[in-house]
Structure formats: C-alpha cells, structure tokens
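Computed over heavy atoms, backbone and side chain alike; hydrogens, waters and symmetry mates excluded. Throughout, protein chains are lettered first and strands after them, A, B, ... in sequence-line order, and every chain is numbered starting at 1.
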Amino acid sequence: MSSFVVEMKGINKNFGEVCAVKNGHIQVEKGEIHALIGENGAGKSTMMKLLYGLFPHDAGDIWVSEKQIKNMTPKRAIDLGIGMVHQEFMLVNELTVLENILLGFEPKKGLTVDFATGRAQVQQFIDQYGLDIQMDKRIHQISVGEAQRVEIIKILSRGAEIIILDEPTAVLTPQEADGLFEILKKLKADGKSVIFISHKLDEVMKISDRISVMRQGAYIGTVQKTETNPAQLAQMMIGREVFLNIKKSEVNSGAKVLDVQDLWTSGEKEISKIRGISFEVHEGEILGIAGIDGNGQSELIEAITGLRKVEKGKVILAGEAITNLSVSNIRAKGMTHIPEDRNKRGLNRALTIWENIIATHIGDQAFSKNKVLSLQHSIDYANELAEQFDIRPRDVTMPTQSLSGGNAQKVVVAREVAMNGKLLVASQPTRGVDIGAIESIRSILEKVKEQGTGVLLVSADLEEILSLSDRIIVMFEGKISGTLTASEATDTKLGYLMMGGKTEEAAHA
Amino acid sequence: MRDFGKSLIRFALIIALSLVIGAIFIMIIGENPISAYAALVKGAFVGKLNLGKTLANFTPLMLTALAFAVGAKGGAFNVGVEGEVFLGGIAAAYIGIHWGFLPMPIHLLACFLGAMIVAAMWAFIPGALKAYYGVNEVCSTILLNYVAFYITSYLVSGPMSAGVANAQSDPVADQVKLYQFMKPSSANVGMFIAIIVGIIAIWILNKTTFGYKIRTVGLNASHAEYVGINPKHTFVKTMIFSGVLGGIAGCIEILGVHGYFLNNFAANIGFNGMLAALVVKNNLILTPFMAFFLGALKSGALGLQQATSVPKSIVDTITAVFIIIATMDLLFQFKKKKQIQQSDEPLKPEASQEKEA
Amino acid sequence: GGSEPAASTNEGGSDAPAKTRVAIVFSGNLGDKSYNDSCYAGALKAQEEFDIELKTLEGTEAAEWEANFLAVAEEGYDLIICSSSNFEEYMKEHCANYPDTKFAVIDTTVEGDNIVSVSFAQNQGSFLAGAAAALFTKMSDIEGVNDENIIGWVGGMDIPVLHDFYTGYEQGAKYVDPDITILQSFAGTWNDPLKGKELTLAQYQQGADVVMNVASGTGTGILEAATEAGKYAIGVDLNQDGDQPGHVLTSMLKRVDSACYLLIQSVVEGTFEGGSKQYLTIADNGVSLTDMSVMKEALGDQFPDEILTKIQELQDKIVSGEIVVENYEGFGPNN
Amino acid sequence: MTFEKIINLSLIYATLRSATPIIYASLCAAITQQADILNIGTEGIMLTGAFTAVTVSYLTGSWLLAVIVAMLAGLVMASVIAVGHLKYGAEITAIGIGINMFALAFTKYMLNSLLGKTGSFTDPKIIGIPKVHLAFLDNSPALNELFNNWAVTEWFAFILVGILTFVLFKTVWGLRLRAVGKFPMAAQTAGINVTAMRYQALAISGLVGGLAGAHLSLGYSKMFTENMTNGRGFMGVAAMFFGGAHPVLTAIGCLVFGFADSIGARLQAYGVPSQFVLLMPYVVTVAVLAISMATKQSREARKKSALITTAPSTLTEKRG
Ligand SMILES: Nc1ncnc2c1ncn2[C@@H]1O[C@H](COP(=O)(O)OP(=O)(O)OP(=O)(O)O)[C@@H](O)[C@H]1O
Ligand SMILES: Nc1ncnc2c1ncn2[C@@H]1O[C@H](COP(=O)(O)OP(=O)(O)OP(=O)(O)O)[C@@H](O)[C@H]1O
Ligand SMILES: [Mg+2]
Ligand SMILES: [Mg+2]
C-alpha cells in the first residue's frame with residue numbers, strides 16, 4: 001500500500017545487453033512538482049516510459065493512485081490520468097496542431113472527427129492556462145516552444161492528473177521557460193502532480209518541491225528542495241563536484257576568419273528566411289548568436305556551412321570566398337561544424353563511434369589509401385580522440401545509438417574540434433546534455449578559442465551565450481536585431497532584442 | 001558461433017515446416033511425399049546436369065541479389081535490376097556479335113564493359129530522377145523495366161534479329177562464349193566471374209571510401225551531406241553500381257548460358273534476385289547463400305515436375321510456401337522468446353511489444 | 001530406319017515389350033486454347049490408340065525450357081517432341097549427344113539424323129482467313145458489320161513467325177479487295193487476354209468488324225471482345241468457333257495435333273525418318289479454315305454461303321499453284 | 001491515319017476502362033502505404049480475388065456473392081502478409097513477393113483441380129458484373145457513348161476513390177492510420193494500438209485487392225486466365241507511388257497510364273512498331289511524374305526563397 005499518486009519500486013529494465021534501469025524508485029505525492037534529475041543516460045526517460053507503459057519492465061512494481069498496475073500500456077496510462085511530454089516530441093509533422101492534439105481521443109460525429117467540438121475543447125485549455133497555439137498550422141510550421149505548448153495542451157485535454165515532462169526546457173528560451181513554469185504552478189494549484197525531468201539545476205531549484213536523483217540506472221535518493229542546494233545535487237548526480245562557470249579568457253582576437261556580407265538565403269518558414277545579414281568572426285573570438293529558435297539561426301548556419309544555397313551575398317572564410325561551394329570544399333578550407341541536431345545531422349546512429357569519427361576524414365591519405373579505408377589507423381585515431389575527449393564507454397566499435405546523449409555529443413565535438421579548422425561553428429553544442437558533459441564541452445570551446453580558432457556559437461541557452469561569448473549578435477525574424485559586447489550584455493537586454501527590440505531601446509531596458 | 005548454430009537450427013525448422021505443408025499438398029493429389037521430395041533433392045543436386053542447373057541458376061541470381069542489396073545499402077529500393085539485366089545482355093550480345101575483329105581477351109572484356117556501361121546508364125535514369133527531382137525510384141524502376149524489355153524486344157525482332165523463327169539475335173562469336181564446364185547443363189565459368197565480382201562488390205561496400213559513402217547516405221542522408229558527402233551524387237553512383245552488377249549478370253547469361261540474345265530471357269531473374277536479397281534483409285554476406293538456396297529450389301522444383309506426376313502448379317505452390325515461411329524471421333526464434341519469459345518472470349509473461357524506440 | 005526396341009533404354013528385367021515412351025516439352029503452359037493444347041490433343045489421341053507412356057513438361061522461362069528438354073533427353077525417352085521453335089537452339093546443341101533418342105520439332109527446322117522437323121504453311125491458312133475477313137466485312141446487312149472495308153489482326157508477341165501469319169492474311173484480304181484497310185496490333189505478350197481485348201476493342205472502334213487472333217492465351221480476350229462489342233473474330237490453331245458462339249467467323253486450323261499424332265505413330269510403327277522435314281500445306285490438310293458451321297447456325301438465313309464457296313475456290317487455286325502465297329522472310333518450304 | 005479515329009469519345013471510356021483495374025490495385029497499395037507498409041503483394045491478392053470471383057460466380061450464378069467472396073479471399077491473402085510481417089517479422093516486400101508467387105501457382109492449381117481447366121476458364125455460366133444502363137442518356141449520343149454501359153465496378157472504382165479519401169482524411173480511423181504511418185511512436189503514446197491499426201490497414205487492403213481481382217475477372221472481362229493480373233498489381237504499386245498514396249492523385253496516375261495505353265492501342269493499328277507503342281505508356285508515366293515532381297520542387301523552392309516574399313505583411317507589420 002502506498003499513499004502516493006505514483007510509486008515505482010525496484011524497477012529493472014534491460015534493452016538487450018544494456019541495463020537502462022536497475023532498482024529504480026520514485027514516489028510522487030499528489031499536488032507536488034517532483035523533479036527527476038541525473039546525467040545523460042541515467043535512466044530518467046526510461047523510468048518514465050515504463051510508467052507510461054511504452055514498454056514492459058523486467059521487474060518491480062508500479063502503483064498509480066494506490067492501485068498496483070500490471071500490464072501498463074499507454075492507453076491504460078492515459079485512462080489512469082497520466083500524461084507525458086516526451087523528450088522527443090510525439091507530434092506528427094504532417095498533421096495539423098489540432099489533429100495532433102485530438103489524436104487518439106477524437107470527438108466523433110458519426111464516423112468523422114468532430115473538429116468543431118474538438119476545437120472548442122482545446123480552446124478551453126488555451127484560455128484556462130494561457131497557452132498560445134495556432135491550431136491550424138502543421139507541426140513543421142511551428143516553433144519548438146509552440147510545439148511544447150501543443151504537447152502540454154494535448155495531455156491536459158486528455159484529462160491528465162499526473163503530468164510527466166521530460167526535459168521540457170532544453171529547447172526553450174528563458175522567457176519561454178518562465179512561461180512554462182507559470183503553467184506548472186497553475187497545474188499544481190489545480191491539484192495536478194508533475195514529474196519534471198531536467199538537467200538545469202537552477203530550474204530544478206526554482207520550480208520543484210522534491211527532487212529525486214538517478215545515476216547510472218540506479219536510484220540515488222530524494223531530497224526536499226528546501227533542504228538542498230545545486231552543489232549537493234550535482235554531487236549526487238555525478239559523484240563529484242562540478243564547475244559550470246568556466247573562467248572566460250581574455251579576448252585575443254586576430255584577423256577576420258569569417259566574413260558574412262549581406263547574406264540572403266531561403267527559409268523553412270517565413271520568419272526564418274535570412275534577409276541580408278552581415279557580421280564577422282575573428283580569430284580567437286567566440287561570437288554568440290542568440291535568438292528565439294526558428295528566427296533563422298538554423299538557416300544562417302546552413303548557408304555558411306554549405307548546406308543551404310546562398311541566394312545573395314557572400315561568405316568569406318579566411319579571405320577565400322566559400323559562397324555556395326560544396327560542403328566538402330568548404331570543410332577542406334577549414335570550416336568545422338557541430339550541428340544543432342546530433343541525431344539527425346551530427347551522427348550516423350547505426351554506425352560505430354570510429355566510423356562516425358572518421359566521417360570527415362575519408363578523403364585523407366592517412367585514412368584511406370587509394371580509396372581503401374585504413375581500418376587500423378581509423379580505430380587508433382578514434383581511440384585517441386575517445387581518450388582525449390573522455391567518450392564513455394571507451395569502446396569505439398560501439399554503435400553511437402547506444403551512447404547516452406552527452407557522450408554522443410562528445411563524439412561530434414571530438415570529430416569537429418580535432419579537425420583543427422579555422423572556424424568552428426557550434427550550434428546548440430550542449431542541448432540536452434548533462435552538466436558533466438556541459439562542463440567539458442564548454443571548456444573545450446574555450447580551449448579552441450584560446451588556440452586562435454574563431455568560434456561561431458549559436459545557442460538558445462542564454463546562460464551559455466553569456467558565459468562563453470566575447471560578442472553577441474541577436475537574431476530576430478531573419479535579421480540581426482542587435483549586437484552587444486560581452487560586458488554590456490545582460491539577460492534582459494538579450495531577451496528584449498530577441499523579441500525584436502532595437503539596441504538603443506535595449507540599452508534602456 | 002553459437003548464433004550461427006542457432007540460425008542453422010532455425011533454418012532447418014523452417015525447411016521442416018515447409019516440407020510438412022508441402023507434403024500435405026502432395027498427399028492431397030495422391031502422390032507419395034517422400035519420393036516427391038527425393039525427386040526435389042535429386043533435381044537440385046544429384047548428377048552433373050542437376051547440380052549444373054542449380055549452379056547456372058545461382059549465378060545470375062547472386063548478381064541480381066547483390067545488385068539489389070547494394071542499392072538498398074545506399075537507400076535505393078531498386079526494382080529495376082531486371083531492366084539492367086536485359087540491357088546489359090543486349091549490349092554484350094551486340095559487341096559479342098559484331099566486334100569479332102578484336103582479339104579474344106579484349107573482345108571478352110569489351111562485352112563485359114559494354115554490358116556494364118549500358119546497364120549503368122540505364123540505372124542512372126531512375127537514380128538521377130530520384131536524386132534531383134525526388135521521383136520515387138520504386139515507381140520509376142517498375143515502369144522502366146517494361147521499357148527495357150520492349151527496347152530489347154524491338155532490337156531482336158528488328159535490327160538485331162537472327163531471322164529465325166524466334167525473336168533472338170545472331171550468336172555471339174565463339175571466342176567470347178564462356179566455357180560450360182558441366183555439360184549438358186549450362187553452368188559456365190561465368191559463375192566464377194560472378195563470385196569474384198560478388199566478393200569485390202562486398203569488399204567495395206565494406207572496405208572502401210566509396211562503400212562508406214554508400215552506407216552513410218543509405219543510413220542517414222542528411223548526416224552524409226553535413227560531413228561533406230554529396231548524397232545526391234552518391235545515390236546516383238549507388239544506382240550505377242547496382243546497374244553495373246545487373247549488367248554483368250546479363251552479360252554472363254548471354255555469353256555463358258545462351259550464346260545469343262533471346263527475347264525476354266531475363267524474365268524474373270531480377271525479381272528473384274530482389275527476393276533473395278530481401279529475405280535476408282539485404283545482408284550482403286547472406287545474400288549469395290540465399291541466392292544459392294533459391295537457385296537450388298528452382299532446379300529442384302523442375303526435377304520434381306520432371307520425375308513425378310506432381311503438376312507444376314503444385315510444385316510452384318510448395319516453392320512459394322517455402323519462401324513465405326523463410327521470410328518469417330521470428331518464427332522459431334526460441335532464444336528470444338525464452339529470454340522474454342525469463343526476464344518477465346516476476347511480472348507478466350505477455351509477449352513484448354517493444355517495436356520502435 | 002527400323003524400329004529400335006524401346007527397351008534398350010529401359011532398365012532390363014521386364015519380359016513384356018516396353019511401352020514407347022514419349023515426352024513433349026512445351027514453351028509455355030498448357031491451357032492456351034491454341035497451339036500447346038492442340039499439340040497435346042494429338043498426343044492424347046495417340047496415347048489412346050497406341051498405349052504409349054506420355055510425359056509433358058511445361059515451362060514459362062528459357063531456363064526452364066532448356067532444363068526440361070535436357071531432363072527428358074537424359075531420361076532416354078524414345079521420342080521427344082519439342083513443341084515450338086523455342087527449342088531450336090537447344091536441339092542444335094544437344095540432339096547429337098543422344099543418338100538413340102528420336103526428336104521432333106514443330107514450327108521450325110533443325111538438321112540432324114535423329115530429328116524430324118515439321119512446319120506449317122500458316123501463311124496459306126492465313127490467306128484464307130484474310131480472304132474470309134475481307135469478304136465478311138462487306139456484308140453490312142449482318143448485324144455488327146459496318147460499311148467500311150476495314151479488318152483487323154491482333155498478334156501476341158512481335159516475333160517473326162507471326163509476321164508469316166500476317167503476310168498471308170494481308171495477301172488474302174487484298175486478293176479479295178485491293179483497297180481494304182488492315183489494322184495490325186501486337187499485345188506484346190502471349191498470356192494477357194485483357195490486353196488482347198483492349199487492342200481488339202480499339203480496332204473495332206476504328207472501324208474493323210472482323211479481327212483475327214494470333215495470340216495464344218492473349219487470344220481469349222480477343223474473342224471475348226468480339227462478343228462484347230457485337231463484332232466478329234477469327235480463331236487460330238484450334239477450332240475456336242464455339243468459344244464465343246456466333247462471334248467467331250471461322251478459325252484457321254493449324255493441325256499441330258495431327259502432326260503430333262503422326263509423329264508418335266511413326267515411332268510406334270517404326271517409320272520414323274530421322275533427318276526428314278515436313279512442310280504441311282493446305283494441300284496436306286496441315287492448315288485450313290473451319291467449316292463455319294457454328295457461325296452458320298448463329299446467323300441462320302443471313303449467313304452468306306457465298307463465302308464458303310469463294311473460300312473453297314481460293315483454296316483450290318492455292319493447291320493448284322494458281323495462287324502463290326508469299327512467306328515472311330525466313331519461312332516457307334525451303335527454310 | 002485519321003486523327004478522329006484515334007482521338008475520340010471512345011478513347012475516354014477506353015482510358016477509364018483500362019485504368020480501372022489499376023486504380024483498384026493502387027488503392028489496395030495506398031491504404032497500407034498510409035500505414036507505412038509497402039504492399040507488393042497487391043498482385044497476388046488481386047489474382048486470388050480474380051480466381052475466386054470467377055469460381056463463385058460460376059458455381060452460384062451470383063455476381064454479388066462472387067464479389068463478396070473474392071474480397072474475403074483477398075482478405076485471407078492479406079492476413080497471411082499481416083501475420084507474417086507484423087507477428088513474425090517477415091520483410092514486407094519479401095513476403096509480398098512470396099504471396100504473389102503463391103497466388104500465381106495456387107490459382108493455377110485450383111483452376112485445374114477445382115474447375116478441371118488448364119490455362120483459362122470461360123463459361124456462359126459465369127455471371128459477370130452487370131453494366132449500368134442509364135436510359136436517360138440514350139438520346140444524347142455523346143453522353144451515351146461516354147457514360148453508358150459501364151460495369152458497376154467501373155463506377156464504383158471512382159466512388160471508392162472518394163470513399164477512401166474521405167476515410168483517410170476525415171474519419172477518426174483515417175487520422176489514426178496516418179499518424180501510425182508517419183510516426184508510430186506518436187500514435188502509440190496517444191494510446192493507439194499501432195499493431196492493430198496495421199492489421200486493419202492490411203485487412204482493408206486485402207478486401208480492396210480482392211475487389212480489384214473481381215473486377216478484373218467479372219467486370220473487365222468474364223473469364224479467368226492464369227496470371228491474368230499480368231503486372232497490373234505492380235502497376236498499381238507504381239501508381240500509388242506516383243500519387244504519394246493519396247487516393248485521388250494515385251487514381252490520376254492510373255489515368256495517365258491508361259490514357260497513354262489507349263492511345264497506343266489505337267496508334268498501333270497504323271504500323272508504328274509495336275514495341276514503341278507498347279513502351280510508350282510507361283515512358284509517358286515516368287515523364288509526367290518527373291515533370292510534376294520537378295515543378296513541385298521549384299514551386300517549393302520559390303516558396304522558401306528569401307528573395308521572394310510570400311507574406312510580406314507579417315514581417316513589416318511586426319517590425320514597424
Ligand atoms: N530503446 C532503447 N534501446 C536500447 N537502449 C536504450 C533504449 N532506450 C534507452 N536506452 C539506453 O538506456 C540508458 C538510459 O537511457 P535514458 O534515455 O533513460 O536516459 P536519460 O536519463 O533519459 O538520459 P538523457 O538525459 O540523455 O535523456 C541509456 O544508456 C540508453 O542508451
Ligand atoms: N554539387 C556539385 N555540382 C557539381 N559537381 C560536384 C558537386 N559536388 C561534387 N562535385 C564534383 O563531382 C565529383 C564527384 O563528387 P563526389 O562528392 O562524390 O566526389 P569524390 O569524393 O571524388 O567521390 P568518389 O570517392 O566516389 O570518387 C567530384 O569531382 C566533385 O568535385
Ligand atoms: Mg532522457
Ligand atoms: Mg465493314
């Protein structure tokens with residue numbers, strides 16, 4: 001018997017050889033916001049997926065509202081009032097927002113979906129919680145923040161009483177995150193229970209009532225928010241102390257390494273079309289690009305790195321024009337690139353670590369003699385990088401899909417940084433990775449800069465932008481809405497510019 | 001090694017199940033299943049003629065199966081191997097007939113090169129249509145197979161006709177005919193060429209930068225693009241690679257088996273190759289074995305028809321049942337089932353449903 | 001040559017005189033309602049009369065043809081009948097290796113001491129069919145016959161032997177009416193009756209009222225089109241007059257059945273003459289038209305008897321040599 | 001060669017007539033494709049349906065019963081695919097090809113053992129699917145030629161295109177099916193039983209495939225022949241890809257093919273080499289597809305271009 005809305009005891013789950021959760025516990029009280037934290041791969045998502053019935057667990061008991069539940073399925077979970085916003089959004093791109101929300105719980109009019117009734121129901125939740133969404137857009141037309149709101153409305157409209165949010169803030173701006181917290185507070189006020197997974201300790205401290213920590217699949221402990229501090233949490237998570245705020249080194253900027261002149265390029269959405277952008281990056285400098293996701297940052301990076309056609313304007317890398325050259329050509333001239341989406345772009349998940357590491361080297365003599373891959377050299381090289389960048393586990397013949405997010409990201413970072421290019425484009429380099437990995441990736445970027453490489457950093461995480469960049473440009477609707485130096489930049493100024501305000505006004509903000 | 005043993009046992013069980021189902025059919029028509037199956041085995045393996053038939057069946061199947069599998073590795077579902085075989089064949093026939101002035105080794109090489117080039121050009125069409133315009137290659141290759149068939153059909157009943165009762169070309173020069181080593185069957189040294197080509201193809205895919213590019217693009221094209229591999233070029237090259245293998249298959253059939261271009265000679269060669277590759281889910285190493293199995297099944301089926309009064313339709317039905325059962329991977333997957341039961345012991349013994357993660 | 005004891009190829013031990021063992025290999029399947037079935041019918045008739053052992057092997061692909069052919073050759077049958085020209089190359093290559101086996105081939109000629117080749121003057125039969133069609137299309141008082149002088153012809157695959165058919169058909173039609181229009185189509189397949197039907201309907205649409213079928217399995221659809229469109233067709237190989245009664249004007253018979261029967265008979269009776277070739281013409285009754293009795297019954301009084309007399313007249317002229325029917329290149333008595 | 005003998009009203013009906021079996025086949029493939037299952041077994045399902053329809057019609061004299069049983073036979077074949085693929089992990093295309101081989105051989109065997117025929121089966125006792133005679137069209141020669149005497153199943157093919165479009169895009173089931181096809185995990189988290197949806201898609205596909213076969217053997221003709229589908233199932237799959245599994249676009253693909261095919265049937269009669277005429281419909285279909293894809297691509301490129309502003313207001317307004 002238990003008096004918790006959710007209680008999971010002694011949970012074990014293996015995926016083939018991988019042990020994702022061993023002896024997992026969590027106890028959630030009604031009406032609390034319960035944070036679940038842990039490093040990448042600690043098994044947080046797996047615990048929650050087991051609770052949601054996405055796959056069966058190998059051992060342990062699950063109790064929901066004081067009933068032991070066997071054979072949990074998503075359908076069953078939903079009926080029990082569990083709603084989950086997954087780490088990767090469960091939204092069908094080709095369908096509209098409304099269709100996605102109604103999916104599985106469609107109001108019916110005869111055989112057809114009664115969209116009118118559905119729309120009215122959804123509107124109720126929009127009004128109640130002040131969640132702003134556009135119901136008739138398709139998912140690929142909306143921003144990540146909006147997609148998240150869609151996910152929340154989706155589970156609310158299904159009558160969720162127990163709400164699981166798996167890293168909801170990883171993709172949000174601070175303003176959006178604050179908005180989310182407001183919503184969570186309202187939900188809590190309405191008596192709903194929230195399980196909140198995050199890597200960001202300050203958020204956890206801000207919003208949660210109690211905090212459970214997992215490490216390497218195992219339960220470590222649960223603490224009251226009021227009785228703990230971030231340092232202790234980090235220690236519980238990682239097993240050692242961490243230092244997130246790396247000391248920024250002196251700007252030692254040299255020659256222009258990237259010169260973007262009046263760049264125009266196509267966009268997936270109207271507001272993400274790039275319409276005339278100019279800026280420079282110097283050697284030994286980190287230029288940060290801030291902005292709300294979907295304001296053209298992705299398109300800009302693609303245009304610079306050769307992945308998108310430049311429609312007008314010039315891109316010059318270390319004095320050489322690289323406008324519309326092929327990716328391989330641009331890379332050959334010294335461009336390196338950590339892409340924003342490691343699973344889609346950065347890695348070939350089905351291939352091994354070493355195969356991913358050499359992806360940018362297959363043309364090199366050392367790696368392929370007469371177009372025949374040199375296996376030994378490749379593996380040696382990969383092992384070297386794995387050591388240097390602390391990729392765990394240290395087995396480079398593992399497929400990258402079995403790595404945790406942080407380690408997968410380290411593979412990408414290692415490959416790109418080891419190229420020793422003239423410019424490193426780092427797009428959301430720490431998105432969704434744990435603080436241990438964040439720490440190491442940030443210090444790597446800092447080191448790269450110290451070696452005299454120019455770094456172009458795009459991040460939705462303002463704290464990251466502020467702590468790393470020497471200069472910051474802010475993008476809004478495909479243009480630059482302002483440029484700030486590190487010393488003059490603040491959260492609020494950036495936030496204001498991200499909403500489209502002008503620099504002078506920002507100064508007064 | 002243990003895995004290999006397991007899959008052998010599984011394969012044996014699949015065969016056993018197919019045999020039982022087949023036996024029911026055979027008994028329904030009042031024949032003795034034991035002697036029928038003896039005839040099947042004899043038809044596939046016993047005697048020079050029968051074994052030779054199996055080998056002769058195996059040769060083109062292995063190449064077309066690899067042609068399909070190579071395409072699949074690069075992300076192409078290439079139904080068009082059949083068309084490549086036809087056009088490769090006609091090119092080999094043309095060169096074999098008309099370029100007799102060349103000395104033998106060069107002439108032979110020319111036949112192969114011609115077949116490879118023409119077939120590659122043919123495969124280029126759907127490849128480029130997909131890469132540059134997004135035209136689905138399943139659609140275009142299904143349609144283009146017919147076009148290839150009619151083109152060759154036109155050539156051998158018109159400009160290249162031998163003027164005999166059938167639509168066929170003149171015979172190719174004797175010097176380029178491939179030696180048949182198991183007469184009277186048409187098994188020929190083309191088989192060794194095919195095996196070598198097959199080994200080279202597998203090696204290219206697994207060991208070279210080109211193969212690396214193909215696999216990368218096939219698994220994740222946008223990753224490929226990002227690391228500087230042009231997915232469009234690579235896709236087209238993959239199709240060309242596939243076409244080359246198809247062309248070689250056509251060339252060997254013409255020079256080794258027929259000695260002239262016979263209208264519609266490749267009917268089903270491409271399709272059965274595709275089947276062989278698909279059954280083993282495009283596993284390059286297993287593909288040739290599956291091709292051999294299908295080749296043996298085919299000649300065994302003929303043997304069954306020849307030696308007993310089991311009608312061909314029953315023989316073909318049994319063959320189809322064999323294939324259907326062979327596709328079912330999880331049939332007789334004892335290992336997996338046991339594991340699930342073990343791990344689920346404390347809880348429910350319900351079958352797993354962890355499909356996609 | 002004398003009759004070789006069939007037992008020589010059998011396992012010894014049996015006292016009774018062994019049955020003559022005959023195998024027929026087909027390039028295609030039985031049930032085409034034309035060529036292959038005709039051949040099989042002749043063999044069945046022989047089986048009834050002579051108590052022979054009969055084995056038939058079907059095959060749809062070239063690889064199967066050769067394999068089947070070799071299998072029966074290895075088995076040591078007394079007589080192997082190769083039902084079509086598709087076997088020509090295999091016979092050239094392998095027959096010499098089986099001197100004790102007798103081979104026969106239909107529709108083409110293969111040299112060899114143990115081979116008899118049988119061909120047909122299909123051009124002569126088609127001549128009569130063409131003439132009949134040309135006469136019939138003028139009978140515009142018969143229902144379904146228009147006043148345009150257009151006739152049609154639908155073939156299976158576009159291969160040389162079909163052009164031999166067409167050459168005769170065209171000549172016969174033009175003999176009757178030099179200004180006649182003949183529509184020609186190929187289905188590109190031997191076994192797609194629906195394609196045949198579509199092509200035939202298209203020809204009817206374009207004014208033809210009689211269409212000749214030379215399309216094996218595809219032909220079923222040609223005949224069906226005649227019934228559906230209320231028009232007329234001409235059958236081929238076998239007597240197809242009754243397949244769509246009242247809509248099949250006549251059929252051009254190609255007596256593969258009697259050729260097959262005679263071949264078996266020659267082996268049983270020991271008169272098989274290896275190395276010979278036969279070219280069966282109208283005069284030998286190798287090809288002919290049906291008597292149109294089915295059509296006559298269907299049309300009743302409307303049936304134009306003059307067609308029958310005219311056809312008979314033309315047939316006599318061909319036999320006497322007054323009319324020489326042309327062959328397509330590569331066909332004819334000397335090929 | 002007279003132009004009006006080639007291009008005339010009868011050409012339109014001929015186009016529809018020769019496209020209809022492929023439309024059915026393509027719908028059979030489209031339903032499963034919406035659930036992301038490539039149904040190469042269409043050909044075999046259709047052939048089984050064709051055989052069953054003729055047999056039942058011959059034995060019972062009822063075309064309606066024949067059509068129903070044919071659909072059930074299609075369902076049985078599709079169930080084999082479904083169980084093999086969904087339960088036993090068979091590669092979908094491999095088992096599809098296996099089903100095609102099975103259907104080809106098994107219908108031939110049944111033709112022989114059940115009906116005692118080889119090759120093909122025609123009999124006056126086979127009752128075909130009736131033709132719809134619209135008496136009020138009799139007086140208008142053009143309309144009469146165009147619309148009169150279509151087989152019931154020819155009309156129904158177009159109705160079915162409408163029905164499926166409705167089912168896929170308006171009904172609850174359709175919404176769920178499309179979600180399953182595009183993102184099964186999302187559907188699963190919405191409490192939808194993904195496997196059950198896939199079974200259902202294959203089942204309906206089997207019913208449609210059986211109907212396709214029934215139309216072929218009782219509507220388009222009145223006979224059964226070995227392998228009478230002759231690649232029409234594959235053409236259906238090609239057409240399905242042509243139309244991106246959307247019933248209407250898919251049907252348009254079939255009509256393009258049917259049109260080129262019918263023109264060919266008329267052209268051939270005038271001495272154009274047969275092979276060129278016969279390959280024309282395939283080339284035309286590929287060409288039409290390529291051109292339409294190319295235009296679509298450039299249209300989309302234009303839509304995304306920064307140099308062309310599609311919705312100027314949103315930008316300027318907000319900036320102001
Ligand atoms: N479907 C799966 N198949 C195989 N392994 C899996 C699967 N899902 C998770 N894993 C593995 O299980 C472990 C725990 O993964 P999980 O996703 O629960 O971690 P997490 O704590 O959510 O990490 P993150 O913070 O990166 O989201 C990891 O090693 C992961 O690679
Ligand atoms: N977008 C493009 N347009 C035109 N030509 C290109 C383009 N991209 C690459 N090329 C050229 O086409 C050729 C082949 O391209 P690919 O990128 O496959 O080069 P590769 O590395 O040499 O390939 P492989 O290893 O297969 O020989 C190269 O010479 C390359 O420079
Ligand atoms: Mg997670
Ligand atoms: Mg007339």
Side-chain angles (χ1 to χ4, degrees), chain C residues 28-34 36-37 40 56 58 60 148 150-159 162 181-208 211 216-221 223-225 227-229 240 243-245, chain D residues 1-2 4-6 8-11 13-15 17-18 20-21 50 104 108 111-112 117-124 128 131 145 149 151 215-217 220-232 258 261-279:
Chain C
N29 288 333
L30 285 174
D32 63 349
K33 299 233 165 116
S34 98
N36 291 338
D37 283 355
Y40 188 54
T56 56
E58 303 162 62
T60 44
E148 289 174 295
I150 303 177
I151 60 173
W153 186 95
V154 175
M157 299 264 266
D158 191 347
I159 61 168
L162 256 61
T181 305
I182 308 170
L183 308 176
Q184 180 200 37
S185 303
F186 287 96
T189 157
W190 294 118
N191 53 13
D192 190 350
L194 302 178
K195 179 97 193 164
K197 183 172 176 179
E198 208 49 59
L199 288 170
T200 310
L201 289 175
Q203 292 195 347
Y204 289 145
Q205 266 304 323
Q206 292 173 295
V211 173
S216 189
T218 301
T220 326
L223 304 186
E224 194 181 82
T227 307
E228 193 168 303
Q240 299 178 324
D243 287 8
Q244 300 285 346
Chain D
M1 167 182 342
T2 46
E4 59 271 28
K5 284 219 158 147
I6 293 171
N8 55 23
L9 281 179
S10 76
L11 176 65
Y13 179 46
T15 297
R17 191 174 53 211
S18 56
T20 315
L104 183 58
K108 181 176 171 178
L111 178 67
N112 200 307
K117 297 281 192 247
T118 51
S120 65
F121 178 57
T122 52
D123 194 288
K131 311 227 165 207
E145 166 121 42
N149 298 327
H215 170 67
L216 203 62
S217 65
Y220 193 37
S221 67
K222 251 174 61 182
M223 65 168 113
F224 177 79
T225 313
E226 276 172 49
N227 190 21
M228 84 181 294
T229 42
N230 244 297
R232 287 177 179 82
D261 197 28
S262 303
I263 292 246
R266 285 158 169 70
L267 273 181
Q268 226 197 86
Y270 295 95
V272 183
S274 69
Q275 293 91 352
F276 287 117
V277 172
L278 290 168
L279 66 75

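- The main-chain N or O of D:Ile263 is never found under 3.5 Å from a side-chain atom of D:Arg266 such that the two would form a donor-acceptor pair.
- Within the 4.5 angstrom heavy-atom criterion, no atom of C:Ala208 approaches chain D.
- Using cut-offs of 30° and 60° on the angle between ring planes, the pair D:Tyr220 and D:His215 is parallel.
- Heavy atoms closer than 4.5 Å to chain D are found in both the backbone and the side chain of C:Leu194.
- The part of D:Thr225 that comes within reach of chain C is its side chain, from C-beta onward, which places non-hydrogen atoms under 4.5 angstrom from that chain.
- Side-chain contact between D:Lys117 and D:Thr122: absent, with no pair of heavy atoms (C-beta onward) separated by less than 4.5 Å.
- The ring pair (Phe, Tyr, Trp, His ring centres under 6.0 Å) test applied to C:Tyr204 returns no partner, not counting sequence neighbours.
- At a cut-off of 3.5 Å, with distance as the only test, no side-chain donor of C:Glu198 or D:Ser18 sits close to an acceptor on the other residue.
- For D:Lys108, the salt bridge (charged side-chain N to carboxylate O under 4.0 Å, His left out) partners two or more places apart in sequence, or in a different chain, are C:Glu58, D:Glu226.
- Residue contact with chain D, scored on non-hydrogen atoms closer than 4.5 Å, involves the side chain of C:Asn29 exclusively.
- Among C:Lys197, C:Gln203, C:Gln244, the residue making the largest number of heavy-atom pairs under 4.5 Å with chain D is C:Lys197.
- Heavy-atom distances place the side chain of D:Asp261, and not its backbone, under 4.5 Å from chain C.
- Here C:Ser185 is the residue among C:Ser185, C:Ala202, C:Gly28 with the most heavy-atom pairs under 4.5 Å with chain D.
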